[in-house]
4 protein chains.
Amino acid sequence: MTADRPAEAPRSRKPRVDAARNQEAIVEAAARVLAEQGAAVDVREIARLSGVGMGTLYRHFPTKEDLVRTILRREFLTWAASAREAAERAEDPWAALADFFRQALSGYARHRAISECFALAWAEPDVEGLGELRAVIGGLTARAHEAGSLRPDASADDLLLLLVSLGHAARLTGDSDPEQVERLLRVSLDGLRPGHAER
Amino acid sequence: MTADRPAEAPRSRKPRVDAARNQEAIVEAAARVLAEQGAAVDVREIARLSGVGMGTLYRHFPTKEDLVRTILRREFLTWAASAREAAERAEDPWAALADFFRQALSGYARHRAISECFALAWAEPDVEGLGELRAVIGGLTARAHEAGSLRPDASADDLLLLLVSLGHAARLTGDSDPEQVERLLRVSLDGLRPGHAER
Amino acid sequence: MTADRPAEAPRSRKPRVDAARNQEAIVEAAARVLAEQGAAVDVREIARLSGVGMGTLYRHFPTKEDLVRTILRREFLTWAASAREAAERAEDPWAALADFFRQALSGYARHRAISECFALAWAEPDVEGLGELRAVIGGLTARAHEAGSLRPDASADDLLLLLVSLGHAARLTGDSDPEQVERLLRVSLDGLRPGHAER
Amino acid sequence: MTADRPAEAPRSRKPRVDAARNQEAIVEAAARVLAEQGAAVDVREIARLSGVGMGTLYRHFPTKEDLVRTILRREFLTWAASAREAAERAEDPWAALADFFRQALSGYARHRAISECFALAWAEPDVEGLGELRAVIGGLTARAHEAGSLRPDASADDLLLLLVSLGHAARLTGDSDPEQVERLLRVSLDGLRPGHAER
DNA sequence: CATGAATGAGTCTTCATTCAT
DNA sequence: CATGAATGAAGACTCATTCAT
């Protein structure tokens, strides 16, 4: 239908090895669409953008929900991993925390889906992937507490909620004013330092 | 909004009253439903709860979107007003700001619709009602800046975004842990104090 | 869409009183279609034949299954009633039984749906309507046994199964050879007389 | 199920054997599935149970209908043959007829497909296989008539219809009450004896 | 002017059949 | 010649909006 015979390398068309390629195309398209439009999109739109028929889509993901969950998990994991890596590059516990937030928020801004994922995750906290994020934040929090650079009354769960909270702001503002979210983050980070009245 | 037949004699008064009663019923029901279920509700549900027929509902609001916008605006205004009043009860500029946030967040938690309203409002900043909130926050910010109790690099827009941000957290956690949002708010407020590195 | 302004009498168009008319139209159309094509028909077909939109159909019957069950029950009851009446017109117990069968079979022939109904009913014996039929057959059987005109080893359940059995034949042959089913019925009725070896 | 590469020489024999093996597997699986679930099954199910791919299945049977018809014919023939054999074991014409029925019904009960086959066959009487059954029944009927053990007004076609009729009952009751169908059969056989009023 | 039944395009999902490897 | 992934036309059901009474 769109030719592209096995010429150079990647783009051939349908079968066998390319089932994988199709799946990837679906995932890619779905990720993009979900990021932009949220989970309410028409499945057809995803099929169209993937360049596959409905049947193919449903072969790979037996349900719209399956598709959405898969994408969300993937996006979530990628995002969480990149934030974790940012944290790992820093020596100082406090810098690690800050870099983690900065990286996470920059990813958050681009994903309507991640946001929705959290909205679900909060109601249903066993969503895959959330666990790891918690672990990462838990580690960062513990290190920062040990180093005395984080106010004692701030728990890992608080930081997770703060992340979601600022993430929402990041997504709302989008690319219009990246500085603004950065300012908000600085305020929060300053507020997380020890030495404030702890009531 | 519709008729307005202030004529001389026969059928002028009662219809008006009835129409007003109906409109009120619709608005009330819609507000409740939108708060609980968001803008995705079936219009029928609103009609049912209002006790009016679809036709009546559509006479008052020619479109679902009209209805939703109207409700959101109303809810928004009520909410903003209550936050403003909370602010006005305080003498101290900083206390006014804190009370404003506290009140606003407590309202936010209960309104799925307000959240969605902001999501729209951000893309389309001329939504009625947002202006007044901006004015209130602007006033609070100015006073606090004058009093020297707010860090100089925090603008009114920043505080608005912070509000939305924390509001999201408030709605996510719902009634499950009110303390957590309060902690987050304290962190932010501490971070908003002057004396932090301002880069 | 099909005109027919409120001229002579019945056919007006949609609302209020005519909700009933629509429901009737749906039921009528569905009965016809189910009789001819069985429960596998496209709902759209029924809507089309009824002259109503999908929404109307689904307003009256929230599910295809609801529609089918309703029709089946209605058809079943009508059919069973006409058979019962046929039985009641006869004085002699045996003649009553025979007339009952004759009438029932003639109805059976025209209803693919009744057949499917029985197929379901056998798996799920609490289907509404079956009960009454059982009662009728039970009564006929008892009277015939008392009168000594029915072989003692034939139970009411046996007669019910025989009815379904011959009914299937009646439907298969359709209008092509009504005599053949009549012959089969005579054979069975003869076989039901007392005086055969009862093992 | 695949492999089986017994020879050395060219590649002429093996493909044939493989193809035959595949066809057999398909037929076997299809027969089982059709018996259990009727003709509404998903073709994939059959392919899966056969252990062959869709392509292979469609190579052997270019259409689902082809497959179904083939299976039905095969099942039909097997079933008819076993009934015929049962008939042949009996000396007495009447006993032959009775045994034929008994055997046929026991097979019928297990085959949802046979029933559907008859439903088709009746509309389209040239279905292959039906002919032979007719012949068998014709023979049995003729012998029984000659022996004077069958009522004169019962034709071979009548017995065929009776068979289908009781078969339906047999399938409906399934294994739940084998005695009931046996009672029904006895009634019919008694009714088929000569000496009843023949109108 | 209120009512709520009617409309029908749009949504998710299935399945017989084809076709690239 | 086998494989099983791809296709896409239906099918059941929903819901914002209109309209006859």
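Side-chain atoms are counted along with the backbone in the values below, which use heavy atoms only and exclude waters and symmetry mates.
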Range-with-range stems of DNA chain F (Watson-Crick or G-U pairs under 3.5 Å, three or more in a row): E:2-21 with F:2-21
Closest approach of C:E75 to C:A31 (non-hydrogen atoms, all atoms of both residues): OE2-CB, 3.4 Å
Side chain of D:M54 (C-beta onward), nearest among E:dT17, F:dA6, F:dT18: E:dT17
Within 6.0 angstrom of C:Q37 CD, more than 12 heavy atoms from elsewhere: yes
Where at least one partner belongs to residues 53-67 of chain D, residue pairs that pass side chain to side chain donor-acceptor pair (under 3.5 Å), sequence neighbours excluded: D:Q23-D:H60, D:E65-D:R69
Polar pair under 3.5 Å, donor/acceptor by atom type, side chain D:R59, base F:dA2: no
Salt bridge (Lys or Arg N to Asp or Glu O under 4.0 Å) contacts in which one or both residues fall within residues 33-47 of chain D, not counting sequence neighbours: D:E45-D:R48
Given DNA chain E, 5'-ward residue of the pair C:V52 and B:G51, judged by closest heavy atom: B:G51
Rounded distance in Å - OH (A:Y58) to P (E:dT13): 4 Å
Proximal nucleotide (of F:dA16, E:dA16, E:dC12) relative to the B:K64 side chain: F:dA16
Phosphate OP1/OP2 of E:dC1: any B:H60 side-chain N/O under 4.0 Å: no
Nearest-angstrom distance from the residue atom CD of C:Q23 to P of E:dG4: 17 Å
Among E:dT13, E:dA2, F:dT3, the one nearest B:T56 by side-chain distance: E:dA2
Atom of B:S50, atom of B:A29 and distance for their closest heavy-atom approach: OG-CB, 3.4 Å
For atom CZ of A:R48 and atom P of E:dG10, their distance in whole Å: 14 Å
Atom pair distance, as rounded to whole Å: CD in A:E45 and C1' in E:dG10: 14 Å
Strand-adjacent residues in residues 27-43 of chain C, judged by heavy atoms under 4.0 Å from DNA chain F: C:V41, C:D42, C:V43
A:I46 CD1 to E:dT11 C1', straight-line distance once rounded to whole Å: 13 Å
All salt bridge (charged side-chain N to carboxylate O under 4.0 Å, His left out) counterparts of A:E28, not counting sequence neighbours: none
Set of residues satisfying side chain to side chain contact (heavy atoms under 4.5 Å, CB included) with respect to C:A35, sequence neighbours excluded: C:H111
Separation of E:dT7 C1' from C:N22 CG (nearest whole Å): 11 Å
Of A:G55 and B:P62, the one whose closest DNA chain F nucleotide lies more 5': A:G55
Set of side chain to side chain contact (heavy atoms under 4.5 Å, CB included) partners for D:L72, sequence neighbours left out: D:V68, D:A113, D:C117
Nucleotide of E:dA16, E:dG10, E:dA6 approaching C:R44 most closely (side-chain heavy atoms): E:dG10
Atom-to-atom span, CG of D:D66 to P of E:dA16 - whole angstrom: 14 Å
Euclidean distance, atom CG of residue A:D18 to atom P of F:dT7 [Å, nearest integer]: 11 Å
Salt bridge (charged side-chain N to carboxylate O under 4.0 Å, His left out) involving D:R171 - partner list, sequence neighbours excluded: none
Closest non-hydrogen atom pair, D:I46 against D:I26: CG2-O, 4.3 Å
